[in-house]
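Notes follow once the structure below has been shown.
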Number of protein chains: 2
Amino acid sequence: MGRPVLTDEQVEDFRARACEVAMQLFVDEGYEGFTLRALAKELGCSHATPYRYFAGKPGIFAAVRAQGFVRFGSFLRQRLEGETVPIERVRILARAYFDFSVEQAAAFTIIFEMGQPLPDEPETSREAGRDAWSVLYGVIAEAVDAGALEGEVNELAHTMWAGIHGVATLHLASKLAMGRDAEAMLTSMTDALIRAHQPRGKS
Amino acid sequence: MGRPVLTDEQVEDFRARACEVAMQLFVDEGYEGFTLRALAKELGCSHATPYRYFAGKPGIFAAVRAQGFVRFGSFLRQRLEGETVPIERVRILARAYFDFSVEQAAAFTIIFEMGQPLPDEPETSREAGRDAWSVLYGVIAEAVDAGALEGEVNELAHTMWAGIHGVATLHLASKLAMGRDAEAMLTSMTDALIRAHQPRGKS
DNA sequence: CGCCAATCCTTGACGCCGTTAATTTAACGT
DNA sequence: ACGTTAAATTAACGGCGTCAAGGATTGGCG
């Protein structure tokens, strides 16, 4: 009795393509102006077709956010490749976090703004979020293990995260242009937080 | 030749009332679901009336943001009243900033997220923004003058701002619930940034 | 007093949106 | 070949932002 059935692969293909196009639309027009119908047009299908693959517009947002998380984690890991000195890895991570917020502003916005994750958020999204977090946590843990930083790792990682995140978001909101450029801000923040957690006996 | 003319006061009254109601709607349903027509209904007027007083929906957003800035500045100032010890004023300011982001989440979101200010943003908004900033700057400057903190005031103020802002926004995005509560995060951040800018010769 | 003209507000319309129901199209098993 | 059934399209509904047109309303002037 089965007649035309889509392969799981085909389904996943469509979803992936849709996410990619949606992300590009976010980049082009901001996620506020994102339109299901524009996505469908760009995809070359009817405006109701996406409903077979996503749970409406919120479903697409969730899917794109999950993809954004993955990109974020990959981006951070890639930037860290090749550097082995723990404290330098901390600085590189901070720089990568900030750069991502600029170069991939759409993805960054989707991840952190755009309202909190819906209750029906797919597990893949939370998982990807934990992945990005684990990169940050790992880099801090290494630095503490190596004696380059002092403190409770979890607290330190969260503080570092919030500090960098603050610089990135303020810059994104273009509230930071009051006489200081963002790069200098990032350096100041990183230096301050590293200095604050210096092992005792150094300036 | 003039016939029925609205007093400037009446116009300002309407604008103020509209802003107030709009803010409440933001609180109730989030600014994403905010609707001009719902505002009009709540105001008891026709759905086109607001167009006489605001430049469409973006105009209302701008007006509400300006009001949010004013509230923010007032909130910070009020919390600072009564405290005179410079370094304590820094801590109180941080706490006030964070509390505002929680207690007045709608206003906070309107100010800092919701896309950057439009190019035609009224001067009152930028002015109010500068006002809130000047509170922060002033508190930091006092602390530096009193010798409780060391560093270039502008850099220090920006760093402090970004750090607190990061804690507030991460908390708002409910990304902070990973084993640490937000209050502890705020304290960690404040302490770290104060420690990092301690005058030389102290732990 | 009665009209005029300027102002305010409402009504109605347009196009676009998200979403769902009905309908058409296409591919397999028999 | 054909009925069955998944997939996609089309059509429709209500609601949105926005704007043009048309009623109210009111003060000044003859």
Side-chain angles (χ1 to χ4, degrees), chain A residues 1-19 21-26 28-65 110 114-115 118-121, chain B residues 1-19 21-26 28-65 110 114-115 118-121:
Chain A
M1 306 90 177
R3 301 314 108 55
V5 176
L6 253 54
T7 314
D8 282 6
E9 183 191 2
Q10 284 172 309
V11 169
E12 219 45 53
D13 250 35
F14 184 93
R15 276 205 250 260
R17 204 161 59 92
C19 281
V21 172
M23 182 78 84
Q24 188 56 46
L25 287 179
F26 286 155
D28 291 347
E29 339 198 10
Y31 71 85
E32 311 246 18
F34 170 76
T35 278
L36 251 180
R37 290 167 120 101
L39 171 65
K41 185 158 294 180
E42 207 73 21
L43 245 42
C45 64
S46 201
H47 63 268
T49 302
Y51 279 82
R52 302 230 153 250
Y53 299 91
F54 300 98
K57 200 179 184 182
I60 292 186
F61 273 42
V64 172
R65 173 154 41 210
I110 288 159
M114 215 179 83
L118 311 167
D120 63 331
E121 192 90 5
Chain B
M1 310 92 176
R3 298 321 107 54
V5 176
L6 252 55
T7 315
D8 282 6
E9 183 191 1
Q10 284 172 309
V11 169
E12 219 45 53
D13 250 36
F14 184 94
R15 277 204 250 261
R17 204 161 60 91
C19 281
V21 172
M23 183 78 85
Q24 188 55 47
L25 287 179
F26 287 154
D28 291 346
E29 340 199 10
Y31 71 85
E32 310 246 21
F34 170 76
T35 278
L36 251 180
R37 292 167 119 101
L39 172 66
K41 184 158 296 181
E42 207 72 22
L43 246 43
C45 64
S46 201
H47 63 267
T49 302
Y51 278 83
R52 305 236 152 244
Y53 299 90
F54 301 98
K57 199 178 183 181
I60 291 186
F61 274 41
V64 173
R65 171 154 42 213
I110 288 159
M114 215 180 82
L118 310 166
D120 64 331
E121 193 90 5

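Only a predicted model underlies this, so the values are computations on that prediction, with no experimental measurement involved. The sequence lines fix the lettering, A, B, ..., with proteins before strands; numbering per chain opens at 1.
In this entry the distance linking CG of A:Leu25 with P of C:dC17 reads 12 Å, nearest Å. Between A:Arg15 atom CZ and D:dA7 atom P the separation is 11 Å, expressed in whole Å. Rounded to an integer number of Å, the gap from CZ of A:Phe14 to P of D:dA8 is 7 Å. For the pair B:His47 NE2 and C:dG12 C1', the interatomic distance rounds to 8 Å; values are reported in whole Å. Atom-to-atom, CG of B:Leu39 to P of D:dG15 comes out at 18 Å; the value is rounded to the nearest Å. What separates CZ of B:Phe54 from P of C:dC8 is a distance of 15 Å, to the nearest Å. At whole-Å resolution of the value, NZ in A:Lys41 and P in D:dT9 are 13 Å apart. A straight line from OH of B:Tyr31 to C1' of D:dC16 spans 18 Å, rounded to a whole angstrom.
Of the inter-residue distances, the one linking B:Tyr31 atom OH with A:Glu32 atom CD reads 5.5 Å to the nearest 0.5 angstrom. Rounded to the nearest 0.5 Å, atoms CD (A:Glu29) and CZ (A:Phe34) are 9.5 Å apart. The structure places CG of B:Leu39 at 9.5 Å from CZ of B:Arg17, a figure rounded to the nearest 0.5 Å.
Along DNA chain D, the nucleotide nearest to B:Ala38 and the one nearest to B:Ala48 differ in position, and the one closer to the 5' end is contacted by B:Ala38.
When distances run from any side-chain atom of A:Thr35 to the nucleotides C:dT11, C:dC17, C:dT20, the shortest one goes to C:dC17. Checking D:dA8, D:dA11, C:dT11 against every side-chain atom of A:Arg52, the shortest atom distance belongs to D:dA8. Taking the side chain of B:Arg37 as heavy atoms from C-beta on, and the options D:dT10, D:dT9, D:dG17, the nearest nucleotide is D:dG17.
Remark: B:Thr49 is not in phosphate contact with C:dC8, judged by side-chain N or O atoms under 4.0 Å from OP1 or OP2. For the OP1/OP2 pair of C:dC8 and a distance below 4.0 Å, the side-chain nitrogens and oxygens of B:Tyr51 include no atom meeting the criterion.
Note on B:Tyr53: only backbone sugar-phosphate atoms sit closer than 4.0 angstrom, heavy atoms only; bases stay farther off. Nucleic acid contact for A:Ser46: base, since at least one base atom lies under 4.0 Å from a heavy atom of the residue.
Aromatic ring centroids of B:Phe61 and B:Phe26 lie under 6.0 Å apart.
Annotation: side chain of A:Lys57 is not in contact with side chain of A:Thr35 (no heavy-atom distance under 4.5 Å).
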